[in-house]
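Structure first, commentary second.
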Amino acid sequence: MYFHKDFECMPRADIKKLQSEKLIKEVKYVYDNVECYRKRMDEAGIKPEDIKGIEDLHKLPFSYKSDLRDYYPYGLFARPLSDIVEIHASSGTTGKRIVVGYTKNDLDMWADCTARMLVSIGATKDDVVQVAYGYGLFTGGFGLHYGAEKLGLTVIPISSGNTERQIETMIDFGATILACTPSYALYLAETAEKMGVVDKLKLKAGIFGAEPWTEEMRKQIEEKLHIKAYDIYGLTEIVGPGVAFECENQCGMHINEDHFILEIIDPETLEPIEEANKVGELVFTTIDKEGFPILRYRTRDLGVVQTEKCKCGRTFIRLSKPKGRSDDMLIIRGVNVFPSQIEEVLLQNCSNGITANYQIVVDRQNNTDTLDIFVEMAPDLFADDMASIEKLQKQLVDRLRSVLGIGAKVTLVNPNSIARSEGKAKRVIDKRKLV
Ligand code: DLL
């Protein structure tokens with residue numbers, strides 16, 4: 001089943017032609033409307049007229065997450081706020097969030113993209129989808145919602161959290177499709193098992209993404225919930241969910257190539273990777289966005305592309321499960337966290353009695369990510385009473401929650417108790433082995 005058969009099954013040559021036509025327009029539009037791109041293209045000696053098709057894409061300068069910080073909040077928008085109807089945001093490399101905006105047409109295109117994902121897993125008007133991705137500035141909840149609404153599915157916009165209630169709702173409201181992060185799906189499955197109600201669920205499929213997960217994890221979710229579990233990929237900077245989606249064959253995620261162009265580059269040399277099955281960094285260009293267009297965006301996600309034809313009939317190339325990142329971003333409970341954000345909070349508190357020696361430990365317990373931060377106290381604080389230490393600990397927890405958007409456990413430890421390194425300090429220990 002397709003949502004837009006004409007596009008999803010377009011001959012490759014036509015896709016390339018369409019991408020070229022749209023790219024030429026988008027580059028001119030961006031050059032005329034966004035100062036950052038105009039400056040960068042001028043510096044590189046590139047004019048919009050030099051881009052005559054996708055074969056010229058490599059001539060354009062890259063863009064980076066730091067651009068979104070430098071032009072915070074609206075500096076990369078190509079339209080005035082009066083044309084922007086919705087804002088979304090996610091964590092940036094420092095305390096500042098990255099902010100994107102959608103026009104009415106962008107929302108319509110976004111809904112098309114997420115509707116395609118739902119149709120590709122067999123959803124129809126008779127389905128009831130429980131959207132347990134977070135609603136709000138995160139793109140997951142609204143992204144899925146708009147696509148489901150466009151298809152006429154019945155949407156339960158429950159957002160994430162409140163796990164037992166989620167399960168009661170799934171049962172009482174007859175949810176047939178679950179949309180959430182894969183780790184939350186496993187947690188829901190285990191909770192349903194504990195409650196002894198798995199048999200009462202009517203779920204047939206789940207649409208999971210926003211964080212890395214493995215085939216083994218897919219198997220567990222499928223077995224525990226008696227569903228088919230599909231992977232979806234996306235990022236705030238491009239459109240949120242809807243960039244790429246699995247079809248019924250579960251063999252890689254089709255990229256919505258009529259809206260986004262993917263390049264794979266070597267993150268060291270920045271040269272394009274042409275060989276099949278070679279891992280590289282994903283670089284995306286949007287070719288018909290109005291509010292927040294983006295050219296050659298270095299996602300830092302590492303992945304592999306498959307170009308063989310898929311049995312489903314779609315001609316869009318497929319992305320294998322992303323294989324990690326080329327920067328240090330962590331995804332904890334679906335939220336993007338940069339160690340630099342944590343460091344900044346800690347350094348701001350050095351005058352309160354802590355030192356700059358710290359360690360971040362990420363783990364997964366009961367299928368939920370945990371974040372522990374160990375910080376050495378300065379001798380003065382160490383000699384202080386327990387109440388002062390606890391007060392500072394609480395202060396740090398509160399500050400971290402407001403900066404990161406998730407809870408962290410902070411433990412103030414004795415002076416000199418964190419192992420010193422002879423080379424680069426190992427600040428982050430990620431113990432999560434994705435089951
Ligand atoms: O996570 C958008 C999204 C929402 C995708 C719901 C799918 C479902 P951000 O918060 O900006 O946006 O995080 C984007 O998450 O660069 C990847 O590193 C990671 N990511 C997203 N989907 C997958 C996936 C949303 N299926 C960052 N597998 C991306 C692995 C994923 N990593």
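Side chains are part of it too, since the values below use all heavy atoms of this structure and drop only hydrogens, waters and symmetry mates. When a ligand or atom number is given, it counts from 1 through the structure's own listing order. Keep in mind that this is a model prediction, so the values were computed, not measured.
Closest heavy-atom approach to atom 18 (O) of ligand 1 among the candidates Val131, Asp301, Ile207: Asp301. With Glu211, Arg300, Lys65 as candidates, the residue nearest to atom 31 (C) of ligand 1 on a non-hydrogen basis is Glu211. Nearest to atom 14 (C) of ligand 1 by heavy atom, out of Gly234, Ala244, Pro241, is Gly234.
In summary, the atoms of ligand 1 found under 4.0 Å from a heavy atom of Thr139, numbered by their order in the structure, are 2 (C). In summary, the atoms of ligand 1 found under 4.0 Å from a heavy atom of Tyr233, numbered by their order in the structure, are 22 (N), 23 (C), 26 (N). Counting the atoms of ligand 1 from 1 in the order shown, those under 4.0 Å from a heavy atom of Ile331 are 15 (O), 18 (O), 19 (C). Short contacts between ligand 1 and Gly140, defined as distances under 4.0 Å to a heavy atom of the residue, involve ligand atoms 4 (C), 6 (C). Interface of Ser90 with ligand 1, defined as ligand atoms under 4.0 Å from a residue heavy atom, comprises 11 (O).
The pair Asp50-Lys59 does not count as a salt bridge, with every side-chain nitrogen at least 4.0 angstrom from each carboxylate oxygen. Salt-bridge formation is detected for the pair Lys150/Asp108: a Lys NZ or Arg NE/NH1/NH2 atom is positioned less than 4.0 Å from an Asp or Glu carboxylate oxygen. A salt bridge between Asp258 and Lys22 is absent, with no side-chain N of the basic residue lying under 4.0 Å from a carboxylate O of the acidic one.
Within the cation-pi definition used here (under 6.0 Å to the ring centroid, within 45° of the axis), Lys65 does not qualify as a partner of Tyr297.
Of the protein's heavy atoms, Tyr133 CE2, 3.6 Å lies nearest to atom 6 (C) of ligand 1. Closest to atom 22 (N) of ligand 1 among all protein heavy atoms lies Ala210 N, 3.1 Å.
Here the rule is side-chain contact (heavy atoms from CB on, under 4.5 Å) with Thr286, and of Ile294, Leu295, Leu23, Asp106 only Ile294 fits it.
Note on ligand 1: Phe208 sits outside its first shell, no heavy atom being nearer than 4.0 Å. Within the 4.0 Å heavy-atom shell around ligand 1 one finds Ile232. The shortest heavy-atom distance from Arg325 to ligand 1 is under 4.0 Å.
By the criterion of a heavy-atom distance under 4.0 Å, neither the backbone nor the side chain of Thr299 is placed next to ligand 1. With a 4.0 Å heavy-atom cut-off, ligand 1 is reached by the side chain of Asn336 but not by its N, CA, C or O. Contacts between Thr236 and ligand 1 below 4.0 angstrom, taking non-hydrogen atoms only, involve backbone and side chain alike.
For ligand 1, one of its N or O atoms has an N or O atom of Asp231 under 3.5 Å away.
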### Query
Taking it one step at a time, do Tyr135 and Phe142 satisfy ring-ring contact (aromatic ring centres under 6.0 Å, His included)?
CA-CA 6 Å; Tyr135 278 68; Phe142 280 100; 5.1 Å; yes
### Query
Given the rule in the side chain to side chain donor-acceptor pair (under 3.5 Å) test, do Arg79 and Tyr29 qualify, once you have shown the distances and angles that lead to the verdict?
CA-CA 10 Å; Arg79 284 289 175 90; Tyr29 172 74; 3.1 Å; yes
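When all heavy atoms of Ala244 and Met253 are compared, the pair lying nearest together is CB-CB, 3.7 Å.
The distance from atom OG1 of Thr285 to atom CG of Leu57, rounded to the nearest 0.5 Å, is 4.5 Å.
Classified by interplanar angle (parallel below 30°, tilted 30° to 60°, perpendicular above 60°), the ring pair Trp110/Tyr102 is parallel. Between Tyr74 and Phe77, the ring-plane angle classifies as tilted under the 30° and 60° cut-offs.
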